[in-house]
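Worksheet for the structure shown next.
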Amino acid sequence: AIPLESLYTTTRLIGRFAFPIFAFLIIQGLQHTSNRKEYAEKLLVFALLSEIPFNLAFYDEFYYIGHQNIFFTLAIGVVGFSFYEKFEEENKRLHKIVTLVISCLVAQVLLVDYGLYGILFIFGLGILRESKLNQTLFGVAMGAIQVITASLAFIPIWFYNGERGKQNKWFFYIFYPAHLFVIYLIRRYLQK
């Protein structure tokens, strides 16, 4: 039998692989969506839908104010980076810096998953979106700050060809709260 501590550590290391991919795909999604407002709203809706399963999975409570799920981080990243790009087009350097700072502060105040780090990750990948090499070097360096498996996420990202894959986007939106609820049920079962 696998000791629970080893299982926990293994699954956490595998989980760290996910955020860099999410951040990369958020930037890809921003570049290809026809409606950024709708994109941000969809992320916010799933942030709200995921919050109870997130709280149950991690804190065994329906309501926990001390930590919000990853969809909030992604939504802040989408809104913030959209403004950043707008100011980039208008060549407003100070506005870009203020947008980044405000996005980071919102993430910290709301206590979202990955907080300041997550927003910097999303913005960095967005700023470097024109260079796959620079984006990868940035991602590997940022991933190493977190844990080495986060850096490994840039292996499949490197091979991404820019083509849209099979459309099954609702599965991925629904998977997050569903898998959290399953984790909660497994934890409850193991506690008995």
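- Taking CD from Q28 and OH from Y160, the interatomic distance works out to 4.5 Å, rounded to the nearest 0.5 Å.
- Interatomic distance, NE2 of H179 versus OH of Y184, reported as 16.0 Å (0.5 Å rounding).
- With R16 contributing its side chain and Q146 its backbone, the two residues share no donor-acceptor pair below 3.5 Å.
- Atoms CG and NE2, on N69 and H67 in that order, are 8.5 Å from each other to the nearest 0.5 Å.
- Here the straight-line distance linking atom CG of L120 with atom CE of M142 works out to 5.5 Å at 0.5 Å rounding.
- Considering only heavy atoms from C-beta on, V78 comes within 4.5 Å of L30 through its side chain.
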Step by step, would you call F58 with I183 a side-chain contact (heavy atoms from CB on, under 4.5 Å)? CA-CA 9 Å; F58 289 99; I183 290 170; over 6 Å; no
Could you walk me through whether K37 and E41 pass the salt bridge (Lys or Arg N to Asp or Glu O under 4.0 Å) test, one step at a time? CA-CA 6 Å; K37 182 176 183 255; E41 288 171 353; 3.1 Å; yes
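- In this structure, the side chains of P156 and F17 come closer than 4.5 Å at one or more pairs of heavy atoms.
- Applying the side-chain contact (heavy atoms from CB on, under 4.5 Å) test between I26 and each of T73, L125, L43, I21 identifies L43 as the sole match.
- For the ring pair (Phe, Tyr, Trp, His ring centres under 6.0 Å) with F71, the qualifying choice from Y114, Y176, F175 is Y176, the only one to do so.
- Judged by distance alone, with hydrogens and angles left aside, the side-chain atoms of S50 form a donor-acceptor pair with the main-chain N or O of F46 at under 3.5 Å.
- With D113 contributing its side chain and Q68 its backbone, the two residues share no donor-acceptor pair below 3.5 Å.
- Closest approach of I119 and C104 over heavy atoms only: CG2-SG, 3.8 Å.
- Salt bridge status for E88 with R129: present, with a side-chain N to carboxylate O gap under 4.0 Å.
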Carefully, step by step, assess E89 and K96 under the rule salt bridge (Lys or Arg N to Asp or Glu O under 4.0 Å). CA-CA 10 Å; E89 289 170 8; K96 292 187 330 185; over 6 Å; no
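- Rounding to the nearest 0.5 angstrom, the gap separating the CG atom in L180 from the CZ atom in F54 is 7.5 Å.
- The 12-atom threshold is not exceeded at CG of N91, counting heavy atoms of other residues, nucleotides or ligands nearer than 6.0 Å.
- Once rounded to the nearest 0.5 Å, the distance linking OG1 of T99 with NZ of K92 reads 10.5 Å.
- Taking the side chain as every heavy atom from C-beta outward, F24 and Q135 approach each other to under 4.5 Å.
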